[in-house]
Amino acid sequence: MDILTRSQSAKIRSSGTPQIVLKARNVVRRFGGVVALNNLDLDVVEGQILGLIGPNGSGKTTFFNVLTGIYAADEGAISFLEKEITNLPAPQVFRSGIARTFQRARVCLSLSVFDNIVLGDHPRLQQGLVFNLFRRSSFRREYEECVERVRELLEMFAPHLVAKMFEPVETFPMIDRRRIEVCRALFSSPRLLLLDEPSAGMTHEETRLLVDEIVALRTKRHKLSIIIVEHEMDLISRITDRCVVLNFGSKICEGTYDEIASDRNVQEAYLGVEA
Amino acid sequence: MNSISIYRNIFVSVLLGTLFVVAMMMAESQVAVLSLIVLAAVSCIVLQKKGVIRKLGSDFASAEKFANGTIMIGALATAVVFAGDHFILLMLTTVLIYVVACLGLNIQFGYAGMVNFAGAAFFGAGGYAAAVLTMQTGLPHLVVLVIGGLVAVIVGFLLILPVLRTRGHYAAVVTIAFSLLFRTLVEVSPVLGGAQGSPVTGMVIFGWNFNEGYQIAGFDVSFYINYFLFALILTAVTFTIVRRVERSWIGLNMDSIRIDETASACFGMNVARWKVTAFTIGNFFMGIIGAFYAMMLGFIAPNNFTFGDSLIMVSIILLGGIGSIWGIILATGIVIILPEKLQIIQEYRFLIFSLGVILVLLYRPNGLLSRAARTYFPGLLRGAR
Ligand SMILES: Nc1ncnc2c1ncn2[C@@H]1O[C@H](COP(=O)(O)OP(=O)(O)OP(=O)(O)O)[C@@H](O)[C@H]1O
Ligand SMILES: [Mg+2]
């Protein structure tokens with residue numbers, strides 16, 4: 001199956017071969033008797049947006065969890081930027097350049113917007129005890145740099161939050177919490193961004209705004225690749241370069257949105273008809 | 001904003017607070033003590049309803065250095081008033097000792113979310129280190145204090161693996177078991193004096209003998225003033241360090257693992273590292289102050305660090321407000337002084353504290369003085385906007 005869109009192929013012809021940043025092979029994950037991921041192969045091409053779709057319980061979130069090191073894979077291998085990352089602990093997966101959001105927005109509600117976003121680049125902050133507790137003027141310099149960087153990111157995704165940067169996240173509505181979560185995931189400038197149902201808990205219009213901002217970001221950061229899990233198909237059709245469809249943990253189809261939408265297996269999976 | 005009015009508000013409230021503490025200390029009859037308690041409770045509720053407390057809170061926050069300095073002077077003034085009174089100075093010093101221990105526990109429980117029901121055991125570890133070192137070596141007592149802290153840290157390392165491997169209630173059970181085990185071990189250890197306990201030398205620093213009183217213009221000053229002053233210094237140092245922990249990436253990391261370990265790990269955080277850090281810093285403070293406590297009493301026995309004392313420390317944090325430094329200071333004052341002044345409740349103090357904790361959790365889940373949102377450099381923010 002051709003994994004490149006036409007516009008992308010054109011781009012690549014001029015700049016050499018497409019780089020596959022993420023390569024998952026034969027990934028298996030079981031929960032007791034449930035096979036949540038069944039021999040899954042999945043590639044992400046640099047700069048592309050991959051839609052990961054499938055009915056409820058088909059293993060989309062499980063794939064994110066296995067990829068980011070929350071769950072171990074029972075079988076299979078995953079490499080990212082040519083580096084083996086199978087079953088690495090979560091912090092190391094993050095350090096290799098993969099950041100994510102969660103299906104239920106998992107921001108720290110009692111912490112401020114600034115705190116939440118700064119946590120998104122934990123490994124790059126100086127964490128020594130002496131630095132933090134006793135070299136306060138150096139700490140202050142790093143802190144002020146972070147304020148500046150958080151401000152820049154907020155100006156892009158949630159300008160109205162710039163003035164409220166130091167207020168707790170619990171005071172903001174769902175859409176803002178989602179935006180903050182996206183900012184946290186982008187704060188470290190990851191190479192791969194995983195979005196798990198960004199539309200959950202938001203209206204169509206709010207989702208459209210948020211996703212458009214993310215897509216716009218890709219024009220500035222060419223190397224950013226995205227995997228998006230989403231149930232709203234108009235969104236998937238609008239923004240993805242390619243889609244992978246899961247059903248009961250297996251990949252049943254792969255291709256552009258138009259290709260998978262016309263696939264019989266996919267239609268059956270969504271309608272719940274036995275093949 | 002009128003900054004003169006801010007300073008005035010801070011000054012007046014600290015003055016009233018100090019006068020209240022002095023009155024409370026002087027009150028002899030149970031009726032007087034009860035009336036003072038009712039007076040305080042009623043005025044707090046009225047002021048809260050009228051929004052005065054909130055206003056004062058923001059005043060204190062906006063002139064933090066001035067506020068802290070004023071409170072320090074209030075504490076010193078109280079000590080001067082009672083300079084001749086052994087009993088009251090001992091009680092006030094005990095409050096400060098518990099403040100330091102609870103600030104240590106606060107780093108573990110309040111920030112990193114690690115419930116530790118063995119607080120008194122780490123306190124006791126410091127105390128026994130002081131007993132052995134002051135009786136059997138000539139080490140300077142400042143060094144003894146630091147070693148007391150280190151001994152508590154090392155004892156804590158025995159516990160760190162099970163604590164890291166268990167979560168929530170299970171971790172709590174591990175610390176409860178340890179607390180009981182530690183006490184039993186001490187009780188059967190002849191080196192440490194068994195159930196009878198062990199004597200400890202009074203503190204001497206650079207020739208300043210803490211166990212000697214003074215005569216100033218014919219007025220007898222209790223030797224406890226030495227312990228009070230030194231405890232006040234230890235409290236100020238602990239306060240500063242705990243504040244800086246809170247206002248740094250370290251405090252942020254600890255908050256983050258308390259709220260969501262998995263998400264923290266997904267953003268590159270080594271969760272175990274920050275748990276160990278929180279546990280170590282907390283135990284260090286408990287050990288230091290335990291060593292100081294033993295030197296002040298001149299004696300340490302298993303009864304000085306019962307499981308009940310660990311419970312008191314945890315309830316102080318719940319009452320004051322999880323993670324709230326001033327809340328903990330307020331709650332320690334209430335929990336230590338109330339049963340001393342109100343003899344009638346002595347026997348029921350655990351019952352009353354449990355009721356208090358339950359009421360607070362029901363009606364003020366963030367404690368008496370809830371923790372404010374983090375500002376890394378107070379004042380900076382206001383200037384910037
Ligand atoms: N921690 C777990 N323990 C047991 N079973 C699990 C666990 N996590 C996922 N599963 C099971 O794995 C299967 C895949 O679940 P997963 O959450 O990945 O689906 P999903 O595609 O994200 O669904 P949704 O669209 O509803 O979010 C389901 O059958 C689910 O019950
Ligand atoms: Mg899911």
Side-chain angles (χ1 to χ4, degrees), chain A residues 64-65 68-70 89-96 98-102 105-116 118-129 131-136 139-140 142-144 146-147 163 165-171 181 184-185 187-188 190 194, chain B residues 61 107 110-111 113 237-238 240-274 276-278 280-281 284 321-324 365-366 370-385:
Chain A
F64 280 5
N65 287 343
T68 53
I70 295 181
Q92 287 187 41
V93 175
F94 174 79
R95 280 161 206 250
S96 74
I98 301 178
R100 69 175 291 180
T101 66
F102 295 87
R106 259 173 119 157
V107 280
C108 302
L109 293 179
S110 55
L111 301 186
S112 68
V113 178
F114 173 81
D115 282 356
N116 270 280
V118 153
L119 280 170
D121 204 6
H122 169 85
R124 230 184 297 164
L125 303 179
Q126 294 202 54
Q127 302 292 355
L129 276 184
F131 174 82
N132 274 270
L133 303 188
F134 303 112
R135 295 175 50 205
R136 290 298 279 181
F139 173 76
R140 181 161 166 173
E142 183 168 274
Y143 160 78
E144 280 169 352
C146 285
V147 173
M165 208 195 287
F166 294 100
E167 288 172 28
V169 171
E170 63 203 349
T171 55
E181 208 191 6
R184 177 177 66 180
F187 194 54
S188 60
L194 310 177
Chain B
I107 291 192
Y111 296 165
V237 171
T238 311
T240 308
I241 293 179
V242 175
R243 261 281 188 255
R244 286 185 179 187
V245 167
E246 185 190 356
R247 292 173 174 175
S248 69
W249 305 141
I250 294 172
L252 176 61
N253 299 339
M254 289 175 183
D255 282 334
S256 171
I257 59 170
R258 181 188 74 246
I259 299 169
D260 192 336
E261 266 186 38
T262 308
S264 308
C266 282
F267 286 95
M269 201 178 289
N270 180 342
V271 173
R273 172 179 170 190
W274 298 109
V276 173
T277 305
T280 304
I281 300 179
F284 186 64
I322 297 173
S324 157
N366 293 326
S370 62
R371 177 178 174 191
R374 185 195 331 275
T375 45
Y376 293 84
F377 293 95
L380 190 65
L381 204 66
R382 273 167 202 85
R385 273 204 219 145

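These numbers come from the heavy atoms of this one structure, side chains and all, not from hydrogens, waters or symmetry mates. Letters A, B, ... are given to chains in the order of the sequence lines, protein chains preceding strands, and every chain is numbered from 1.
- A:Phe114 has its side chain within reach of A:Tyr143: a pair of non-hydrogen atoms, C-beta onward, lies under 4.5 Å apart.
- Side chains of B:Asn366 and B:Arg371 form no contact here, defined as non-hydrogen atoms less than 4.5 Å apart.
- If you measure heavy-atom distances from A:Phe134 to chain B, the contacts under 4.5 Å come from both the backbone and the side chain.
- For a residue to count as touching a neighbouring chain, one of its non-hydrogen atoms must lie under 4.5 Å from one of that chain's; by this rule A:Ile70 touches chain B with the side chain only.
- For the set A:Arg106, A:His122, A:Arg100, the entry with the most heavy-atom pairs within less than 4.5 Å of chain B is A:His122.
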Using distance only, find each side-chain donor-acceptor pair of residues 263-273 of chain B under 3.5 Å and give its atom names and separation, not counting sequence neighbours.
unit_1, atom_1, unit_2, atom_2, d
B:Ser264, OG, B:Ser256, O, 3.1
B:Ser264, OG, B:Ser256, OG, 2.7
B:Ser264, OG, B:Asp260, O, 2.7
B:Asn270, OD1, B:Ala272, N, 3.3
B:Asn270, OD1, B:Arg273, N, 3.2
B:Arg273, NH2, A:Gln127, O, 3.3

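- Contacts of B:Thr240 with chain A are absent, with no heavy-atom separation under 4.5 Å from either backbone or side chain.
- In this structure, chain A has a heavy atom under 4.5 Å from the side chain of B:Ile259, while its backbone stays farther away.
- A:Arg140 forms a cation-pi arrangement with B:Phe377, by the criterion of a distance under 6.0 Å to the ring centre and an angle within 45° of the ring axis.
- Contacts of B:Arg244 classified as side chain to side chain donor-acceptor pair (under 3.5 Å), with partners at least two apart in sequence or in another chain: none.
- At distances below 3.5 Å, not a single donor-acceptor pair connects side-chain atoms of A:Gln126 with backbone N or O atoms of A:Phe139.
- Note on A:Arg184, A:Arg95, A:Glu142: by heavy-atom pairs under 4.5 Å with chain B, the leading option is A:Arg184.
- Heavy-atom pairs under 4.5 Å with chain B peak, among A:Asp115, A:Leu111, A:Asn116, at A:Asp115.
- A:Gln92 does not touch chain B: none of its heavy atoms, backbone or side chain, sits under 4.5 Å away.
- Rounded to the nearest 0.5 angstrom, B:Trp274 CH2 and B:Ile250 CD1 are separated by 5.0 Å.
- Residue with the most contacts toward chain B among A:Ile98, A:Val147, A:Leu119, A:Leu129: A:Leu119 (heavy-atom pairs, distance under 4.5 Å).
- Ranked by non-hydrogen atom pairs under 4.5 Å with chain B, the options A:Leu125, A:Val93, A:Thr68 are led by A:Leu125.
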